[in-house]
Amino acid sequence: MPGGSSAAAILDADGNIDRVRTSDGSVYVIASTVATESAAAATEAARAANAASEAASTSEALRASAEAARAAAEQKRAADQLKNNTDQAQNNAAAKGMTYMVLASGEYEPDAVDGAHNVPTVAGRVGVMYLTPKVDGATSEDAYDQWMSIDGAWELMGGTGIHIDPVTTADVDSIASGSAVTAERVLNATGLTYLWSKAATAFAPKAHEHAASDIASGTLQVERGGTGASTPAGALAALGITIGEADAPETGAPGSIYIKML
């Protein structure tokens, strides 16, 4: 401090002397106070740095989570696009390569259910229409059934009629034998003919006759032409016939018969 100069102490907010002002207006900071202020500033800076680091960590976690979600969404989009492209490519190939093949004898066989259609027996290929001769109703303009192989099974295409499986002879036989049959089949004229033949052999006609030898048990009443009894004596009594050794009584029941034994 310059010689002969006067100085005035300056207090801080807490009443401590931390600076000195000289008569020429210069202000000198006491070193210990500067160190204290620097330490406080350093502490505050450290706190602010920690807060900034925590905020940065949270922000990075959110960014990483958002990036992971974006990557997952992109992966799903790519998978969906690949499936769509594959399906479209297959559809395009089938549409561009659609051909037909008329099958010859030995390359088809009658439907095993009702024989209403000739079903292909060859290995089906995508994009190929297979033609088999119609079993019934063929015309010069509609002579073939059209088939396509779909998911490994033959599908009849372009039909305008309704195809319903009929009751089979096996169904009729099972029902006639007392077994239950559960199926979505209908009785057509062919099945009805077979059913009627089974019924004709199982039941007697409404108007029919029996030979006397067919009566093997029971008692036939008088009004039905029998005797109404199971023994000769009972039969005579039922018929109003009386047998005795005495003379016939002077009176008797109308229509009765008395036979005198000699």
Side-chain angles (χ1 to χ4, degrees), residues 73-211 214:
E74 177 60 23
Q75 185 176 13
K76 183 179 183 305
R77 185 202 65 77
D80 291 343
Q81 185 63 45
L82 177 61
K83 181 180 183 304
N84 182 72
N85 292 344
T86 302
D87 291 341
Q88 188 62 44
Q90 290 178 339
N91 292 336
N92 291 342
K96 292 179 180 179
M98 178 65 71
T99 60
Y100 70 91
M101 179 182 296
V102 179
L103 299 182
S105 177
E107 295 180 318
Y108 56 84
E109 62 183 8
D111 185 348
V113 176
D114 57 8
H117 301 280
N118 287 320
V119 183
T121 57
V122 298
R125 302 197 307 270
V126 175
V128 179
M129 179 81 71
Y130 295 86
L131 307 181
T132 62
K134 283 183 174 292
V135 174
D136 294 312
T139 66
S140 59
E141 296 180 347
D142 187 16
Y144 297 97
D145 285 330
Q146 299 87 40
W147 300 88
M148 290 191 71
S149 179
I150 300 177
D151 294 334
W154 289 109
E155 183 75 17
L156 181 63
M157 312 296 291
T160 57
I162 299 175
H163 177 68
I164 302 177
D165 292 336
V167 169
T168 65
T169 56
D171 291 338
V172 175
D173 290 340
S174 296
I175 294 170
S177 65
S179 299
V181 175
T182 303
E184 297 294 333
R185 293 189 281 272
V186 298
L187 185 64
N188 58 14
T190 303
L192 180 59
T193 300
Y194 183 73
L195 175 61
W196 185 257
S197 69
K198 295 283 290 187
T201 58
F203 302 100
K206 181 178 181 181
H208 63 281
E209 297 178 352
H210 287 279
D214 291 339

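Screening Tyr144, Tyr108, Trp147, Trp154 against Thr132 for a side-chain hydrogen bond (donor to acceptor under 3.5 Å, both in side chains) leaves a single residue, Trp147.
The CG atom of Asn188 lies 8.5 Å from the OG1 atom of Thr193; values are rounded to the nearest 0.5 Å. In this structure, CZ on Arg125 lies 6.5 Å from OG1 on Thr99, to the nearest 0.5 angstrom.
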Requested in this report: Apply side chain to side chain contact (heavy atoms under 4.5 Å, CB included) to Thr139 and Lys134, showing your working.
Outcome: CA-CA 9 Å; Thr139 66; Lys134 283 183 174 292; over 6 Å; no
Query raised in the report: Given the rule in the side chain to side chain contact (heavy atoms under 4.5 Å, CB included) test, do Tyr130 and Met157 qualify, once you have shown the distances and angles that lead to the verdict?
Result: CA-CA 10 Å; Tyr130 295 86; Met157 312 296 291; over 6 Å; no
Report task. Give the C-alpha distance, both sets of side-chain angles, the deciding distance and a yes or no for side chain to side chain contact (heavy atoms under 4.5 Å, CB included) between Asp145 and Leu156. Result -> CA-CA 7 Å; Asp145 285 330; Leu156 181 63; 3.7 Å; yes
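When every heavy atom of Asn118 is checked against every heavy atom of Pro133, the shortest pair comes out as ND2-O, 2.8 Å. What you find for Ala143 and Ala138 is that their closest heavy atoms are CA-CB, 4.2 Å. Between Val119 and Asp111, the shortest heavy-atom contact is CG2-CA, 4.1 Å. Of all heavy-atom pairs between Gln146 and Leu131, the closest is CG-CD2, 3.5 Å. Looking at every heavy atom in both residues, Gly124 comes nearest to Ser149 through CA-CB, 3.7 Å. Of all non-hydrogen atoms in Gly115 and Val135, the two that sit nearest each other are O-CG1, 3.6 Å.
The closest side-chain heavy-atom distance from Leu187 to Pro166 is not below 4.5 Å.
Side chains of Asp171 and Thr168: a donor-acceptor N/O pair is present below 3.5 angstrom, by distance only.
Not one N or O on the side chain of Asn84 forms a donor-acceptor pair closer than 3.5 Å with the backbone of Asp80.
Summarising the local packing, CD of Glu209 is surrounded by 12 or fewer heavy atoms from other residues, nucleotides or ligands at distances under 6.0 Å.
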